[in-house]
Amino acid sequence: MNSFDMVVIGAGPAGYVCAIRAAQLGMSVCLIDKRADLGGTCLNVGCIPSKALLESSHHFHMAQHGLAAHGITVQGASLNLPAMLGRKDAVVKQLTGGIGALMKKNKITVKTGWGKLVAAGQVEVDGELVEAKHIVIAAGSTPIELPFATFNHTTILDSTDCLSLPAVPAHLAVIGAGVIGLEMGSIWARLGSKVTVLDVAERPVAIMDEDLGREAQKLFTKQGMAFSLGAKVSGVEVTKTGVAIAYTDAAGVATTLQADKVLVAVGRKANTAGMGLVEAGVTLTARGVIETDAKYQTSLPNVYAIGDCIAGPMLAHKGEEEGVALAEMLAGQHGHVNYNAIPWVVYTHPELAGVGLTEAEATAKYGDVKVGKFRFAANGRAIAVDATEGFVKVIAHAQTDELLGVHIIGHNASEMIGEAACLIEFKASAEDLARCVHAHPTLSEAVKEAALASQGRALHS
Ligand code: NAI
């Protein structure tokens with residue numbers, strides 16, 4: 001019984017979701033992963049453990065600095081780091097165990113081991129041959145290493161290391177003010193580290209709407225993080241006391257930053273090596289990801305690829321949707337992913353979230369656009385819960401009023417971006433959003449108000 005309708009290599013969100021959907025559609029499925037704990041990077045060393053630590057560190061910060069305004073005095077709040085990390089590990093264990101249970105429920109065969117493509121239709125798992133009609137590569141991604149800063153996992157860290165530091169570093173430097181740099185920087189800054197973030201770009205999270213990046217820089221600087229933007233890092237040296245980072249700042253001045261540890265978070269690269277892909281005839285793009293057509297087929301017939309190892313944003317939910325779409329297409333249905341409606345979230349405090357086009361992208365594509373903005377400082381619920389930082393920005397087509405993009409920096413932005421993603425998916429207009437009834441008092445009223453503002457008629461500002 002080593003023959004299946006589908007074999008999936010990689011049990012991250014792309015792979016295990018594809019496996020479930022294929023099983024739902026009647027296929028026999030085998031899921032292969034090198035880890036016995038399913039869920040890939042997302043569950044084991046990515047989205048989930050980082051969110052657990054972001055929440056815990058936020059509570060610690062609130063106990064120390066945020067509760068006095070509510071009339072609550074906390075004396076002697078102290079950190080039990082092993083307990084905090086233990087909770088994070090328990091969260092991961094619960095969820096990876098949950099994926100195992102889902103595999104059983106869907107009668108998916110799980111094999112733990114290193115999967116290698118032998119040829120179209122054949123995969124080898126630690127020496128065992130498995131045959132399949134369809135092979136899906138969902139091998140994920142790993143952190144990019146800078147040539148002058150080899151990860152030693154004690155002072156030169158990747159994101160995984162940052163989820164389990166044995167003690168709070170006095171000074172944590174971060175190279176890369178992207179999603180990981182801001183989330184990890186926030187965790188350790190709240191737990192007491194001095195955090196200095198270096199980035200070659202002119203603003204943090206340059207991929208998101210410019211206004212969000214600028215506001216984030218302002219707010220995180222207020223929280224105590226230091227930023228050196230436009231910085232060209234040229235070397236990282238391990239010293240007796242930590243690390244020395246050589247860089248040229250935006251003004252062209254050569255500088256050395258001393259820190260205890262440095263997190264390198266300059267992006268991730270697709271996992272393509274060691275799986276026999278190229279040898280079997282799978283083509284990679286010039287950017288090193290697996291080349292696929294619109295139906296996720298690689299250059300080899302009946303071999304498909306989804307998730308971080310193909311083009312597009314490296315986001316768990318993007319991979320999941322590709323997994324569902326692929327399984328449905330292979331079952332003769334019409335699977336589809338709308339790449340214009342994929343939300344982005346940075347889980348800092350406040351959170352950053354966006355979907356659709358940024359203002360710069362919308363302007364480049366359509367010329368004039370309508371932009372409406374509404375600050376949480378004018379939202380009743382935000383004032384009541386003390387979450388007045390940030391704003392919502394709505395971008396609409398100047399003539400048709402089609403909702404092109406929604407960008408939020410604010411408390412619980414990750415939950416509010418959902419309605420915007422739905423409306424963009426349904427090609428709603430900004431007026432549609434403005435006319436939807438939003439419960440009062442909620443933070444989401446700011447989304448409605450920003451849509452009203454794009455029509456020139458915000459009610460509360
Ligand atoms: P990123 O692409 O978000 O940010 C990398 C940053 O490093 C950029 O700002 C870039 O300008 C900077 N950079 C690149 N080379 C540099 C150099 N030599 N010196 C200084 N700065 C340099 O990548 P990040 O944060 O590593 O995350 C990787 C991916 O993981 C993200 O793109 C995202 O798809 C995914 N992810 C998503 C999360 C979420 O959805 N909340 C959380 C964590 C990761």
Side-chain angles (χ1 to χ4, degrees), residues 12-14 40-55 140-149 151 156-163 173-187 196-208 210 212-214 216-217 220 227-236 245-250 255 257 262-271 287 289 307-320 322 339 342-355 408-409 413-415 417 421:
T41 298
C42 169
L43 267 73
N44 286 285
V45 289
C47 318
I48 296 300
S50 60
K51 263 76 269 176
L53 289 183
L54 279 157
E55 189 67 20
S141 61
T142 38
I144 291 174
E145 196 164 56
L146 290 172
F148 48 79
F151 295 124
I156 304 178
L157 312 172
D158 64 18
S159 55
T160 303
D161 303 321
C162 263
L163 294 168
V174 178
I175 304 178
V179 186
I180 292 177
L182 292 181
E183 291 186 0
M184 293 297 170
S186 289
I187 291 170
T196 307
V197 186
L198 308 171
D199 200 301
V200 68
E202 296 300 320
R203 62 173 196 275
V205 275
I207 192 148
M208 297 186 94
E210 197 170 327
L212 257 62
R214 295 210 184 288
Q217 186 185 346
F220 299 146
F227 286 90
S228 183
L229 300 170
K232 290 189 185 65
V233 180
S234 53
V236 175
I245 302 158
Y247 70 99
T248 308
D249 71 13
T255 311
L257 176 74
V262 60
L263 162 66
V264 179
V266 296
R268 298 177 62 88
K269 60 173 195 272
N271 288 336
R287 305 195 66 176
V289 303
D308 282 11
C309 61
I310 68 168
M314 292 182 173
L315 298 170
H317 43 281
K318 174 256 193 191
E320 285 186 34
E322 288 175 344
Y339 289 94
I342 295 183
W344 273 87
V345 178
V346 186
Y347 296 83
T348 44
H349 194 86
E351 293 177 338
L352 283 73
V355 63
I408 310 173
I409 177 165
S414 58
E415 303 295 345
I417 205 65

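Each ligand, and each atom within it, is numbered from 1 in the order the structure gives.
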Quick one: side chains of residues 141-149, donor-acceptor pairs under 3.5 Å with protein atoms, not counting sequence neighbours, listed by atom name and distance.
unit_1	atom_1	unit_2	atom_2	d
Ser141	OG	Arg268	NE	2.8
Ser141	OG	Arg268	NH2	3.4
Ser141	OG	Asp308	OD2	2.7
Thr142	OG1	Asn271	OD1	3.0
Glu145	OE2	Phe151	N	2.7

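Of the candidates Ser50, Ala149, Gly267, the one placing a heavy atom closest to atom 26 (O) of ligand 1 is Gly267. Summarising the contacts of atom 4 (O) of ligand 1 with Gly178, Pro147, Ala177, the nearest heavy atom is found in Gly178.
Protein heavy atom nearest atom 21 (N) of ligand 1, with residue, atom name and distance: Val200 N, 3.3 Å. Ranking protein heavy atoms by distance to atom 16 (C) of ligand 1, first place goes to Val266 CG1, 3.5 Å. Regarding atom 44 (C) of ligand 1, its nearest protein heavy-atom neighbour is Ile180 CG1, 3.3 Å. Nearest non-hydrogen protein atom to atom 32 (O) of ligand 1 is Trp344 CH2, 4.1 Å.
Looking at ligand 1, you'll find an N or O of Met314 within less than 3.5 Å of one of its N or O atoms. No N or O atom of Pro313 sits closer than 3.5 Å to an N or O atom of ligand 1. Here's the thing with Arg268: none of its N/O atoms is less than 3.5 angstrom from an N/O atom of ligand 1. In terms of N/O distances under 3.5 Å, ligand 1 is approached by Asp199. Here's the thing with Val179: one of its N/O atoms is less than 3.5 angstrom from an N/O atom of ligand 1. For ligand 1, the polar-atom distance check against Leu146 finds no nitrogen or oxygen pair separated by under 3.5 Å.
Listed by number with element, the atoms of ligand 1 under 4.0 angstrom from any heavy atom of Val345 are 39 (C), 40 (O), 41 (N). Taking every non-hydrogen atom of Ile175 and a distance limit under 4.0 Å, the qualifying atoms of ligand 1 come out as 19 (N), 20 (C). Close contacts between ligand 1 and Ala201 involve ligand atoms 11 (O) [criterion: under 4.0 Å to a heavy atom]. Close approach of ligand 1 to Tyr347 is summarised as follows: ligand atoms under 4.0 Å from at least one heavy atom of the residue are 41 (N).
The shortest side-chain heavy-atom distance between Val233 and Val200 does not fall under the 4.5 Å cut-off.
Contact record, His317 with Pro343: NE2-O, 2.6 Å, taken as the closest heavy-atom pair. The two atoms that bring Ala413 and Ala353 nearest to each other are O-CB, 3.6 Å, heavy atoms only.
Between the side chain of Lys318 and the main chain of Gly307, a donor-acceptor pair closer than 3.5 Å is present.
Here Lys232 has no heavy atoms under 4.0 Å from ligand 1, in either its backbone or its side chain.
Scored by the side chain to side chain contact (heavy atoms under 4.5 Å, CB included) test, Glu202 finds no partners at all (sequence neighbours excluded).
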